[in-house]
Protein chains: 2
Amino acid sequence: MAATPVTESTSAYEPTGRTVPTRSRDRARYDRETVHSILDQAYVCHLGFVRDGAPVVLPTLFGRVGEALYIHGSTGSRPLLAAGKADPGLPVCVTVTHVDGLVLARSAFHHSLNYRSVVVQGTAYQVTDEAERRMALDALVDQVVPGRSADSRPANAKELAATAVIRLDLNEVSAKLRTGGPNDDAEDLDLPYWSGVVPVAPAYGTPVPAADLAPGIAAPGYLAAL
Amino acid sequence: MAATPVTESTSAYEPTGRTVPTRSRDRARYDRETVHSILDQAYVCHLGFVRDGAPVVLPTLFGRVGEALYIHGSTGSRPLLAAGKADPGLPVCVTVTHVDGLVLARSAFHHSLNYRSVVVQGTAYQVTDEAERRMALDALVDQVVPGRSADSRPANAKELAATAVIRLDLNEVSAKLRTGGPNDDAEDLDLPYWSGVVPVAPAYGTPVPAADLAPGIAAPGYLAAL
């Protein structure tokens with residue numbers, strides 16, 4: 001048999017019953033380029049899991065490495081303990097959202113947001129391999145500030161022992177996004193209300209040195225790239 | 001019996017086994033003032049629910065009115081359908097997060113974020129009362145842009161019929177926050193790495209009028225307050 005050719009489908013995630021939205025299907029995306037781009041511009045995700053039958057959603061940092069997301073926490077944290085103990089792992093949903101604009105329509109009904117989001121569903125497993133754990137911890141730091149892990153003291157044995165790392169592979173993945181202006185109904189276009197988009201984006205302020213920073217250490221250049 | 005006096009406890013949410021964190025308990029807050037402030041500066045939440053035993057986390061708009069959060073969606077959306085059909089309602093977790101700063105420590109381990117988050121756990125119910133539904137839809141618009149609901153066309157009967165509204169009462173609620181500079185270990189203070197905080201906040205750009213906006217309609221003053 002010939003080797004499987006690289007086709008367009010390999011650059012997209014396969015939609016599943018859980019990742020095809022019931023509404024606004026035209027806003028759904030499955031290509032890796034879009035998904036990776038949305039993930040890589042973020043460092044905070046919302047991690048969902050089930051505890052005693054009820055949903056729990058917690059904000060936490062993440063790092064993407066290839067087709068995996070890594071999340072870390074104390075070895076005493078509840079979801080990380082659960083991912084380590086449960087067989088077969090911890091069912092999770094990891095969601096990342098960017099707000100790009102407030103969409104003001106003439107009608108209250110058509111108000112909306114411009115946004116980009118990624119939803120990853122699957123099972124998270126504890127990472128036990130030490131090299132992968134170290135790589136993941138670097139990725140978590142570099143997701144927030146690219147280049148920072150190489151410019152800080154790496155974790156020591158005690159810190160590594162206190163840190164749990166879980167991995168969620170990017171298999172069941174969808175992105176959803178809205179762009180553009182308001183979609184007012186034709187009969188509303190002459191109403192006397194302003195209509196348009198207010199752009200929104202995160203803004204980074206001037207770095208504030210630690211009170212006990214030794215003199216002569218300037219803010220590093222990679223902060224300017226934020 | 002004397003009437004129950006208004007005590008300090010009435011201005012705070014009662015901690016429960018689900019709202020007391022296992023880690024960093026010093027970062028937890030239960031007072032209504034802190035919780036309301038965090039909620040009122042946001043308009044996007046992450047809504048968690050359980051579908052076929054697995055967690056689902058979706059970003060969505062919310063509005064707070066007193067001690068209730070309202071979320072809306074199409075009558076065809078899966079969680080809103082579930083909240084309407086299920087008895088007794090839909091168990092949910094609604095989480096709101098603000099990132100205020102990137103905390104860069106000398107050690108990779110002590111990297112952190114300054115943030116404020118609120119986690120609300122409970123059961124969401126569909127709102128059927130028409131007056132409450134209209135009030136909730138106004139609140140959802142005003143949560144994004146205060147004052148906007150009065151300056152747009154209210155929902156008509158067809159739009160109201162297509163919109164489901166669910167309510168989650170603020171009973172089981174906790175806030176968590178981190179402020180301040182990095183917490184480096186004493187033995188790391190002389191390491192040659194910059195340490196400090198990079199402030200982060202959402203920035204609103206110049207409003208972009210809709211392409212079909214009638215001439216002579218200026219951007220309203222309430223946009224300047226964003």
Side-chain angles (χ1 to χ4, degrees), chain A residues 22-23 44 46 48-50 54-57 59 74 76-78 91-93 95 97 99 102 106-109 111 117 141 144-145 149 151-155 159 181-182 188-191 193-205 207-214 217 219-220 223, chain B residues 22-23 44 46 48-50 54-57 59 74 76-78 91-93 95 97 99 102 106-109 111 117 141 144-145 149 151-155 159 181-182 188-191 193-205 207-214 217 219-220 223:
Chain A
T22 47
R23 304 290 305 175
V44 169
H46 281 80
F49 56 98
V50 179
V56 181
V57 179
S74 158
S77 90
R78 286 184 277 208
V92 298
C93 180
T95 300
T97 305
V99 176
L102 317 180
R106 282 88 166 175
S107 62
F109 183 77
H111 277 63
S117 65
V141 169
V144 182
V145 181
S149 72
D151 191 35
S152 56
R153 176 178 67 68
E159 291 166 347
D188 288 336
L189 293 181
D190 291 329
L191 291 177
Y193 306 119
W194 187 87
S195 178
V197 175
V198 181
V200 185
Y204 295 89
V208 180
D212 52 12
L213 184 66
I217 302 185
L223 292 185
Chain B
T22 49
R23 307 287 307 174
V44 170
H46 281 79
F49 56 97
V50 179
V56 181
V57 179
S74 158
S77 90
R78 286 185 276 210
V92 297
C93 180
T95 299
T97 305
V99 175
L102 317 179
R106 284 86 165 177
S107 62
F109 183 76
H111 276 64
S117 65
V141 169
V144 182
V145 181
S149 72
D151 192 37
S152 56
R153 176 179 66 68
E159 291 166 348
D188 287 338
L189 293 182
D190 292 330
L191 291 176
Y193 306 119
W194 187 86
S195 178
V197 175
V198 181
V200 186
Y204 295 88
V208 179
D212 51 12
L213 184 65
I217 302 186
L223 292 183

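In the text below, chain A, chain B and the rest are named by the order of the sequence lines, each starting its count at 1.
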query: Checking B/Asp151 against chain A: side chain, backbone, both or neither under 4.5 Å from a heavy atom?
result: both
field: Most contacts with chain A, counted as non-hydrogen pairs under 4.5 angstrom, among B/Ala155, B/Ala201, B/Pro202
entry: B/Ala201
task: Give the minimum heavy-atom separation between B/Val57 and A/Thr95, together with the two atoms involved.
output: O-OG1, 2.6 Å
message: Taking side chain as everything from C-beta outward and backbone as N, CA, C, O, which of these in B/Ser117 sits under 4.5 Å from a heavy atom of chain A? Side chain, backbone, both or neither.
response: side chain
query: In terms of heavy-atom proximity below 4.5 Å to chain A, should B/His46 be classed as side chain, backbone, both, or neither?
result: both
Atom group of B/Val44 that falls short of 4.5 Å from chain A, counting heavy atoms: side chain
query: Which residue out of A/Asp188, A/Val144, A/Val145, A/Val141 racks up the most heavy-atom pairs below 4.5 Å with chain B?
result: A/Asp188
query: chain B: which of A/Pro207, A/Ser77, A/Gly48, A/Gly181 shares the most heavy-atom pairs with it under 4.5 Å?
result: A/Pro207
Side chain to side chain donor-acceptor pair (under 3.5 Å) partners for B/Ser152, two or more places apart: none
- prompt: What's the shortest heavy-atom distance between B/Leu213 and A/Tyr193, and which atoms?
  reply: CD1-O, 3.8 Å
- line: Among B/Gly205, B/Ala54, B/Pro199, B/Pro59, the residue with the most heavy-atom pairs under 4.5 Å to chain A is B/Pro199
field: Residue, of B/Val92, B/Ile217, B/Asp190, that accumulates the most heavy atom pairs under 4.5 Å with chain A
entry: B/Ile217
query: If you tally heavy-atom pairs under 4.5 Å against chain B, which of A/Pro154, A/Pro91, A/Pro209 wins?
result: A/Pro209
Most contacts with chain B, counted as non-hydrogen pairs under 4.5 angstrom, among A/Val56, A/Val198, A/Val197: A/Val197
- request: Can you tell which part of A/Leu223 gets under 4.5 Å to a heavy atom of chain B, answering side chain, backbone, both or neither?
  value: side chain
- request: Might you point out which heavy atoms bring B/Arg106 and B/Ser195 nearest each other, and give the distance in Å?
  value: NH1-OG, 3.2 Å
query: A/Gly196, A/Ser74, A/Pro55, A/Ala210: which one forms the most heavy-atom pairs within less than 4.5 Å of chain B?
result: A/Pro55
message: So for A/Val99, is it side chain, backbone, both, or neither that comes closer than 4.5 Å to the heavy atoms of chain B?
response: side chain
query: Minimum heavy-atom separation for A/Ser107 to B/Arg153, with atom names?
result: CB-NH2, 3.3 Å
